[in-house]
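A note on names: the letters A, B, ... follow the listed sequences, proteins ahead of strands, and every chain is numbered from 1. Just so it is clear, the values below take in all heavy atoms, side chains as well, and ignore hydrogens, waters and symmetry mates.
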Amino acid sequence: MSEHDITRAEHIEYVLRLADNVLILGQRISEWCGHAPVIEEDLALSNMALDLIGQSRLLLTHAGELEGKGRDEDQLAFLRVERDFRNVTLMEVPNEDFGRTTVRNFLFSAFQVLLWDKLSASTDRALAAIAAKSLKEARYHLNHSAEWVIRLGDGTALSQQKTQAALDYLWPYSAELFADSPVDAAAAAAGIGPAWSALEAEWEALVLPVLAEATLVVPARTPFKSFGKFGRHSEHMGHLLATMQYMQRTYPGAQW
Amino acid sequence: MSEHDITRAEHIEYVLRLADNVLILGQRISEWCGHAPVIEEDLALSNMALDLIGQSRLLLTHAGELEGKGRDEDQLAFLRVERDFRNVTLMEVPNEDFGRTTVRNFLFSAFQVLLWDKLSASTDRALAAIAAKSLKEARYHLNHSAEWVIRLGDGTALSQQKTQAALDYLWPYSAELFADSPVDAAAAAAGIGPAWSALEAEWEALVLPVLAEATLVVPARTPFKSFGKFGRHSEHMGHLLATMQYMQRTYPGAQW
Amino acid sequence: PDYLAEFNAKIDAGGFIEPKDWMPEAYRKTLIRQISQHAHSEIVGMLPEGNWITRAPSLKRKAILLAKVQDEGGHGLYLYAAAETLGVSRDELYEALLSGKAKYSSIFNYPTLNWADIGVIGWLVDGAAIMNQIPLCKCSYGPYARAMIRVCKEESFHQRQGYDLLLQMMKGTEEQREMVQDAVNRWWWPSIMMFGPHDKDSVHTDSARWGIKRISNDDLRQKFVDATVKQAEVLGVSLPDPALKWNEARGHYDFGAIDWDEFWSVVGGNGQCNVDRLAARQKAWDDGAWVREAAIAHAEKHSVRQQQAA
Amino acid sequence: PDYLAEFNAKIDAGGFIEPKDWMPEAYRKTLIRQISQHAHSEIVGMLPEGNWITRAPSLKRKAILLAKVQDEGGHGLYLYAAAETLGVSRDELYEALLSGKAKYSSIFNYPTLNWADIGVIGWLVDGAAIMNQIPLCKCSYGPYARAMIRVCKEESFHQRQGYDLLLQMMKGTEEQREMVQDAVNRWWWPSIMMFGPHDKDSVHTDSARWGIKRISNDDLRQKFVDATVKQAEVLGVSLPDPALKWNEARGHYDFGAIDWDEFWSVVGGNGQCNVDRLAARQKAWDDGAWVREAAIAHAEKHSVRQQQAA
């Protein structure tokens, strides 16, 4: 790793982005536990949440170590304010229904498969190790969610309509994944990880055939922009944090 | 007021119970703001929430003064833990739909009209003054909600069914209003206010004719018990507090 | 009689057109569009502020916010009533909002992300709204002018409350001051955009001739900027525009170029909250259908019973 | 052949009855009732703990809790599968749960009110469940016995994790210790009640003869109390029963009278959460209908396509 190409702050931000994506999506998915359409999906969604929370723990710990101020995974998860979270907005929008949850898991898992694959060769060796482990999980999430997207899209008229509505809602948020930033450029230059924008073509190659098989129409790209990964979130984020952080905010310093 | 008949702690608890009822119901009703079935009800529900929050401020301030430890309305509202809240469980169950909200407002406003009326003659003069002001508001809430209960109950087949379901859900919780406790006995003995159980017959006389006009069937009393006013709440309460208290928990000591 | 001449004469003399007066169809249509758009804005505008009611950090602020959002609903109500005097129904107008045919103010497609947003909306957004609306108190259509007098009075009150909220936060902790600055950074440009396109790009020129729009977009915007810069100084926040500076020659503040691409993108439905805002209104409407139907059914039953009793 | 005699002989010899073996109709019905009730308990039991997943106070505890609730769903799944070997479908059983015809363990009608409840459920509720379930690992119906071996193994793990959570809290702040004591106060008696009515009041005596229930309610309860008192001491919490004390003569702990009115009230549907629990399951079922229908429709399309291709 060429330390000269990336500042410590940029390196931390790149890792936090990875961490916050899986933390916030893990939190969202965990809301399903006990409320899924079939027990098998209760298990599958809990399992995915568990994988994501597990990934977030490793990544937050790594970010804390890079920062060197003694903040551990819990301090980073539960004591940062909204503007310091670096997840893309796509992760924080509400689950709404099983259709939206499934389409989001699919769009994001496809991205993660590509990202973890590249990160397995990161010059940040701790990150490379996390990536290698997470890649297997992301592949499983991708297969599972892709199967469901096809089932729902190419199911009944009602399921087709609901799944199309989910895709229409989520698609504009997916653009944020590929928005360029100086952090990406620096990470790419230092060999920490790819600029996310560089993954867009591969992502589409992974995602579009499945959506086609699911008989879903891919919306045209619009000027819509979201800014979660730059710390400007949606109105949904504050409510998610109010729930997630409540205990640590209420009992500062307690160990659990 | 005969100080000998009631301890300071009992007096405070009696006032906190009054305060927490209107605080928690005010919080629940305020969730409707911007989401009601017609704009007129957006206004009416906001107005009721406003009245209740206003009452809670006076009552919490009074409780803080009785306590004498320098806790103001905000410290009592935002920095107490769940077990220290003394509202009946009926106040904290989710709004669910306009039917349940309306039936709850009706059942509770009827109780409040009776209670504020008696409390206007409290030996606790600060409390008597709050009661006199609040009585007018409660009468308005009662009239407004009673009209809606009749409209919904004696409306369409669907509205009748939904309103009956709301009554079936809420009725068991209403029993808690009239559960006896040493605090009630002490408050009655000291002339602070009535034992709530003493209001049950009058409450039924107020409530049953309206429910009958609304063509609703009053459920039989069951052994169901709830314990909110004794500090043992439902699972709904923690989520309500996580939202309501988040800012004060996150920024301790800040003035707003 | 020459209705059009009479109509024009009345407007030129500064008189009011009333619902029963003759008016050109285009005047009626323009007013319906403008008043209903204004009403929709009040109703949709309840959502971004409503987002913070359950999390307000003190009971006093919770009460103030509840009262404010309630006022907005009230404004919506009497603006719909003013529109109804022109021969349309509230439901018709409302359905045009839900279907996306009718617009509402784009400012409400920005999210409220921290508590200071509530203060900044009062200060900047209501401040800009008042600048836009004061001239409407003298507009040529009587019911609209009268509605606006009441609206403006309440909006001024909201503006002062918003500014007061921010003053309090600026006296507070470092974190509170950061929240205020963050909120100002996000809301400044959208507020400036509330005055609409530059005069040279503006359509609806009939509005001026008919005495509906009495001051141009750019004049109002300049007035707003001039007033706000001083308030920002008192508050101790910076406005996110490096080009902002006093121009002695003009006697006004100069300011930077507005990002009209963003403006038109948000108007066109691609703002951060367009979809969520309409979805929230649609959900309230759908969830409330059984309630509205019950009210109608009950009223009918009631009137049948009264007739039978008579 | 004398099926009944063969059946009884196999049971008396400690052998297993398998799905294809002949069995008395009453045995089959008893098993369906008991296994499905057990499966329902696992599924409904996801709710009280699930209530805290989004608020877990550390990521480690969040992960542990998620994994635990997931395990419970898994137990539900293989218990439904065991019941299905007796000739009923999972949907049939599930609909009996939703309609209120089938029961689930009453313990899940108590609310989880603070984070320590999660630990106490692991320690006391899972602890009591294990006491009840260990004998079932040797019960006469093979698929049930095998399912229970797996369930018991995982439950023991959950119990240790619950106890560990409490140990950590007891080492913490005064507030944390109060939470633990509060949770123990609320869960102790309901846990004791999990063993069911006293032997003298107990029905279902066929279960013993058939080798389904091998140890009596009161014996299991005593075993649980004896084990738990010591664990409470290590933890440093008091159990809310003034009558609880060592009886040298019996070699067991004596304990106070159980409030059977409360027990039967909760069984009868009047516990604090009966209505909310079933409503949550019903909502998940209703909201998921379109998903299940889509899966069936897609599978049919898929198989038609495969046939056409063949």
Sequence neighbours excluded, which residues qualify as side chain to side chain contact (heavy atoms under 4.5 Å, CB included) partners of Pro252(A)? none

Okay, Leu241(A) and chain B: the region with an atom under 4.5 Å from a heavy atom over there is both

Atom pairs (donor, acceptor) spanning chain B and chain A, under 3.5 Å:
residue	atom	partner	partner atom	Å
Gln245(B)	OE1	Tyr246(A)	OH	2.5
Tyr246(B)	OH	Gln245(A)	OE1	2.5

